[in-house]
Asker: 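Starting off with a structure, shown below.
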Amino acid sequence: QVQLVESGGGLVQAGGSLRLSCAASGRTFSSSTMGWFRQAPGKEREFVAAISWSGGNTGYLDSVKGRFTISRDNAKNTVYLQMNSLKPEDTAVYYCAAGPLSLPRLWPRTYEYDYWGQGTQVTVSS
């Protein structure tokens, strides 16, 4: 069993930065692929980024490449999403997720993740 708690969301102006954190409990964190997803009002949940259990592989949504960076600290059971150059279209509830995925091509699939956090709101004003 893994419990995930996100933090770090808030209101920021366009061009600003935020760092989201996801604290995990449970012994399987260090062996899990961790993902960040987001969901805007009226839209489906979409993949944002993911990182392999070792941190050696990462993957991103095309529209966030070069602006967002995912990282993890297995000693602290925490995964991060550094978001720079934020745009109004980044406004959404951001969720972290954990799963046993081993293939990067599976990372964007929400149903491949076993555990989800409650989400944290990110609002980017223009």
Asker: So, for F29 and D73, which heavy atoms are closest and what is the spacing to 0.1 Å?
Answerer: CE2-O, 4.1 Å

Asker: Atom CZ in R72, atom CD1 in I51: separation rounded to 0.5 Å?
Answerer: 6.0 Å

Asker: With sequence neighbours left out, what residues match F47 under ring-ring contact (aromatic ring centres under 6.0 Å, His included)?
Answerer: F37

Asker: Measuring from atom CG of L20 to atom OG1 of T78, what distance do you get when rounded to the nearest 0.5 angstrom?
Answerer: 12.5 Å

Asker: Of the non-hydrogen atoms in W36 and L81, which two are nearest, and what is the gap between them?
Answerer: NE1-CB, 3.6 Å

Asker: Tell me whether Y113 contacts the main-chain N or O of M34 through its side chain, where contact means a donor paired with an acceptor under 3.5 Å.
Answerer: no

Asker: Going from CG on L101 to OG on S52, what distance comes out if it is rounded to the nearest 0.5 angstrom?
Answerer: 11.0 Å

Asker: With side chain to side chain contact (heavy atoms under 4.5 Å, CB included) as the criterion, how do R19 and Y80 come out once you've worked through the C-alpha distance, each side chain's angles and the decisive distance to 0.1 Å?
Answerer: CA-CA 7 Å; R19 188 175 83 152; Y80 306 96; 3.7 Å; yes

Asker: Which heavy-atom pair separates I70 from T58 by the least distance, and what is that distance?
Answerer: CG2-CG2, 3.7 Å

Asker: How are the rings of Y95 and W116 set to each other: parallel, tilted or perpendicular (split at 30° and 60°)?
Answerer: perpendicular

Asker: Hey, does the side chain of N57 reach the backbone of L103 with a donor-acceptor pair shorter than 3.5 angstrom?
Answerer: no

Asker: Going by side-chain hydrogen bond (donor to acceptor under 3.5 Å, both in side chains), name the pairs with one or both residues in residues 61-70, residues two or more places apart or in two chains.
Answerer: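 side-chain hydrogen bond (donor to acceptor under 3.5 Å, both in side chains) check on residues 61-70 returns D62-K65, R67-D90.
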
Asker: Quick check on Q3: does its CD atom have over 12 non-hydrogen neighbours (other residues, nucleotides or ligands) under 6.0 Å away?
Answerer: no

Asker: In Å, rounded to the nearest 0.5 Å, how long is the span from SG of C22 to CD of E6?
Answerer: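 It is 5.0 Å, given to the nearest 0.5 Å.
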
Asker: Hey, could you give me the OH/OG distance between Y94 and S7, rounded to the nearest 0.5 Å?
Answerer: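 One gets 15.0 Å once the value is rounded to the nearest 0.5 Å.
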
